[in-house]
Amino acid sequence: MARVLNNLLLFTIRLTLKIRVLGYWSLIYGYCALCTAVALLKLWWSIILRPSATFQWGIRETPPACLNDTSLGTHCYVRIKESGLRFHYVAAGERGKPLMLFLHGFPEFWFSWRHQLREFKSEFRVVAVDMRGYGESDLPSSTESYRFDYLVTDVKDIVEYLGYNRCHLVGHDWGGTIAWLFAIHYPEMVTKLIVLNCPHPSVFSDYALRHPSQLLKSSYFFFFQLSRFPELMLSINDFKALKDLFTSRSTGIGRKGRWLTAEDMEAYLYAFSQPGALTGALNYYRNVFSSLPLSQNDVKSPVLLLWGERDAFLEQEMAEACRVYIRNHFRLNIISGASHWLQQDQPDIVNTLIWTFLKEGEGRKTYRN
């Protein structure tokens, strides 16, 4: 009798898990279909209003001068032996000083850290990377090439190539996700972790499934699962959707902070108008659902989490919830009036808060390269 009950219990557990998995993927694909329908309506409306302009966009042939500004650093390249990929990065500050590594988000590239490269090069070797699929780094064509484990390994390989065994790691948006994961899997390589407007991955997945408002704000996750159509929607009307992300009243930079200049905007359009650039960036999203939930969650490094109060994509409640996974000092700063694009929107405040965090405990610790 006991054996029968045990078998029945195991069957019930397995059935429950299968139902949960089925429900999970049904939700994803159902929401994906809904987002696709909304996008199609937007496309048809654009064609009606601007029939001649909708399908006009062009590759920017010449980079704007700001991308070659020598005050930001030197453009360098590294080919990682294990992956075979070539990465582009901009570096400044003396070699041998503590490494400060910057990881950008979507849809950005190394240039999003321009204010921090200038600020921290006096005391650090600062390096802003074009992550795989972005900017001048290689763009693997396979969606599988953008799995979490590959992205985390990229960071490890770059740190070691630069001649370091640890770093101060700074990440925003998708770069923040990779920074969280790197700190989880390689705690010995992270002196301090600084994340901007990106919750711990497990906090995000748990919160989004329980809060329809966040699920709605994350609808682009589902839309980006489609092949080719998201690239089209981001390109039409000469990349109007990209421009709006950075400049509109609801999502953009500059309501209370610094405005994005015309030349800054042109830098982004130059980067993302190149062949394959949008696909490489979108492939990060096309692996996210198969990578969660995480098998490991604890972060052992000291953590500074900076959060823009006006983030249009991520609800602020997730910021405080990250505390549960951190096994070290945790500092959270909510920046009033700041958007999702925090390091570009409020660079002076961001830089000051980062300096304060970096200086904490300086008398008790020594840096090691």
For this session: Any chance you could measure E136, atom CD, to Y89, atom OH, to the nearest 0.5 Å?
Result: 13.0 Å
Problem set entry | Residues in side-chain hydrogen bond (donor to acceptor under 3.5 Å, both in side chains) contact with T153, at least two apart in sequence or another chain | none
Exercise. If you measure from NE2 on H115 to CG on D345, what distance do you get to the nearest 0.5 Å?
Worked result: 9.5 Å
Problem set entry | Side chain to side chain, Y268 and K243, heavy atoms closer than 4.5 Å | no
Exercise. If you take all heavy atoms of A267 and F109, which pair is closest and at what distance?
Worked result: O-CZ, 3.6 Å
Problem set entry | Nearest heavy-atom neighbours spanning F272 and A281 | CE2-CB, 4.1 Å
Problem set entry | Under the side-chain hydrogen bond (donor to acceptor under 3.5 Å, both in side chains) test, residues paired with S122 that sit two or more places apart | none
Exercise. Are any side-chain N or O atoms of N197 and backbone N or O atoms of G308, one a donor and one an acceptor, separated by less than 3.5 Å?
Worked result: yes
Exercise. Measuring from S339:OG to D311:CG, what's the distance to the nearest 0.5 Å?
Worked result: 7.5 Å
Problem set entry | Nearest atoms (heavy-atom pairs only) where G337 meets E309 | N-OE1, 2.9 Å
Exercise. Between OG of S235 and CG of L242, what distance do you get to the nearest 0.5 Å?
Worked result: 7.5 Å
Problem set entry | Connected via hydrophobic side-chain network under 4.5 Å: L314 and L294 | yes
For this session: Please confirm whether the backbone N or O of E188 pairs with a side-chain atom of R166, one donor and one acceptor, at under 3.5 Å?
Result: yes
Problem set entry | Any residue meeting side chain to side chain contact (heavy atoms under 4.5 Å, CB included) with T279, in chain and number order, not counting sequence neighbours | E231, N283, R286
Residues 175-187 side chain polar contacts: donor-acceptor under 3.5 Å, at least two apart:
unit_1: W180; atom_1: NE1; unit_2: C198; atom_2: O; d: 3.0
unit_1: W180; atom_1: NE1; unit_2: P199; atom_2: O; d: 3.3
unit_1: H185; atom_1: ND1; unit_2: Q296; atom_2: OE1; d: 3.4

For this session: Identify the heavy atoms of F357 and V303 that sit nearest to each other, and give their distance.
Result: CZ-C, 3.6 Å
Exercise. Could you give all pairs that pass the salt bridge (charged side-chain N to carboxylate O under 4.0 Å, His left out) test and reach residues 54-65, with sequence neighbours left out?
Worked result: R60-D238, R60-E266
Exercise. Counting only N and O atoms by type, is there a donor-acceptor contact under 3.5 Å from the side chain of R132 to the main-chain atoms of S145?
Worked result: yes
Exercise. Is the closest side-chain heavy-atom distance between C167 and M189 below 4.5 Å?
Worked result: no
Problem set entry | W341 vs L260 side-chain heavy atoms within contact, under 4.5 Å | no
For this session: State which residues pass side chain to side chain contact (heavy atoms under 4.5 Å, CB included) with A208; sequence neighbours excluded, sorted by chain then number.
Result: Q214, L215
For this session: Please round to the nearest 0.5 Å and tell me the distance separating atom CG of L304 and atom CD1 of I194.
Result: 5.5 Å
Exercise. Between F87 and Y161, is the ring centre distance below 6.0 Å?
Worked result: no
Problem set entry | side chain to side chain contact (heavy atoms under 4.5 Å, CB included) against N237, all qualifying residues, sequence neighbours excluded | S46, R50, A53, T54, K240
Seminar exercise, completed: Exactly one candidate in D130, V126, L117, D69 meets side-chain contact (heavy atoms from CB on, under 4.5 Å) with V90; the answer is L117
Seminar exercise, completed: Taken to the nearest 0.5 Å, the spacing of Y207 OH from L209 CG works out to 12.5 Å
For this session: Classify the ring geometry between F106 and Y134 as parallel (under 30°), tilted (30 to 60°) or perpendicular (over 60°).
Result: perpendicular
For this session: Establish, from distance only, whether the side-chain atoms of E160 and N165 form a donor-acceptor pair under 3.5 Å.
Result: no
Exercise. When you measure from the side chain of T251 to the backbone N and O of L245, does any donor-acceptor pair fall under 3.5 Å?
Worked result: yes
Problem set entry | For H200, side-chain hydrogen bond (donor to acceptor under 3.5 Å, both in side chains) partners two or more places apart | none
For this session: Would you check, one step at a time, whether the test side chain to side chain contact (heavy atoms under 4.5 Å, CB included) holds for M131 with S137?
Result: CA-CA 7 Å; M131 295 163 65; S137 292; over 6 Å; no
Exercise. When you measure from the side chain of K121 to the backbone N and O of A91, does any donor-acceptor pair fall under 3.5 Å?
Worked result: no
For this session: Answer yes or no: is there a side-chain heavy-atom contact under 4.5 Å between V155 and L151?
Result: no
Problem set entry | Test item: L72 and W110 side chains (from C-beta on) under 4.5 Å apart, heavy atoms | yes
For this session: List in chain and number order the residues that pass side chain to side chain contact (heavy atoms under 4.5 Å, CB included) with S250, two or more places apart in sequence or in another chain; answer none if no residue qualifies.
Result: S248
For this session: For S301 and N328, run side-chain hydrogen bond (donor to acceptor under 3.5 Å, both in side chains): C-alpha distance rounded to whole Å, both residues' side-chain angles, the deciding distance at 0.1 Å, then the answer.
Result: CA-CA 6 Å; S301 310; N328 206 314; over 6 Å; no
For this session: Could you tell me which non-hydrogen atom of F111 sits nearest to which non-hydrogen atom of C66, and how far apart they are?
Result: CZ-SG, 3.7 Å
Exercise. Is it the case that one hydrophobic cluster holds both Y150 and L85, taking links as side-chain heavy atoms less than 4.5 Å apart, direct or via other members?
Worked result: no
For this session: Measure the shortest side-chain to side-chain distance between F313 and H340 over non-hydrogen atoms and say whether it is less than 4.5 angstrom.
Result: yes
Exercise. Parallel, tilted or perpendicular for Y77 and H88, by the 30°/60° rule?
Worked result: tilted
Exercise. Under 3.5 Å, side chain of S218 to main-chain N/O of F221, donor-acceptor pair present?
Worked result: no
For this session: In sequence, state the C-alpha distance, the side-chain angles, and the governing distance for I158 and V129, and then conclude on side chain to side chain contact (heavy atoms under 4.5 Å, CB included).
Result: CA-CA 9 Å; I158 289 169; V129 180; 3.8 Å; yes
Exercise. Hey, are the side chains of I354 and M100 touching, using non-hydrogen atoms and a 4.5 Å cut-off?
Worked result: yes
Problem set entry | Check against side chain to side chain contact (heavy atoms under 4.5 Å, CB included), F246 and D264 | CA-CA 10 Å; F246 290 112; D264 292 340; over 6 Å; no
Exercise. Are I80 and L162 joined in one hydrophobic group, where the rule is that I, L, V, M, F, W and Y side chains link up if heavy atoms are under 4.5 Å apart?
Worked result: yes
Exercise. Any idea how F124 and W355 line up, ring-wise: parallel (<30°), tilted (30 to 60°), or perpendicular (>60°)?
Worked result: tilted
For this session: Would you check if P347 and V350 make a side-chain contact, meaning some heavy-atom pair closer than 4.5 Å?
Result: no
For this session: List for me each residue that meets side-chain hydrogen bond (donor to acceptor under 3.5 Å, both in side chains) alongside E108, sequence neighbours excluded, and say none if there are none.
Result: H172, Q344
For this session: Would you tell me whether Q225 and Y285 have side-chain atoms, one donor and one acceptor, within less than 3.5 Å of each other?
Result: no
Seminar exercise, completed: The complete set of salt bridge (charged side-chain N to carboxylate O under 4.0 Å, His left out) pairs with one or both residues in residues 71-92, sequence neighbours excluded, reads R79-D138
Problem set entry | Backbone N/O of V299 and side chain of R327: donor-acceptor pair under 3.5 Å | no
Problem set entry | ring pair (Phe, Tyr, Trp, His ring centres under 6.0 Å) involving Y146 - partner list, sequence neighbours excluded | Y284
Exercise. What closest approach, in Å, do R95 and Y164 show between heavy atoms, and which atom pair accounts for it?
Worked result: C-OH, 4.3 Å
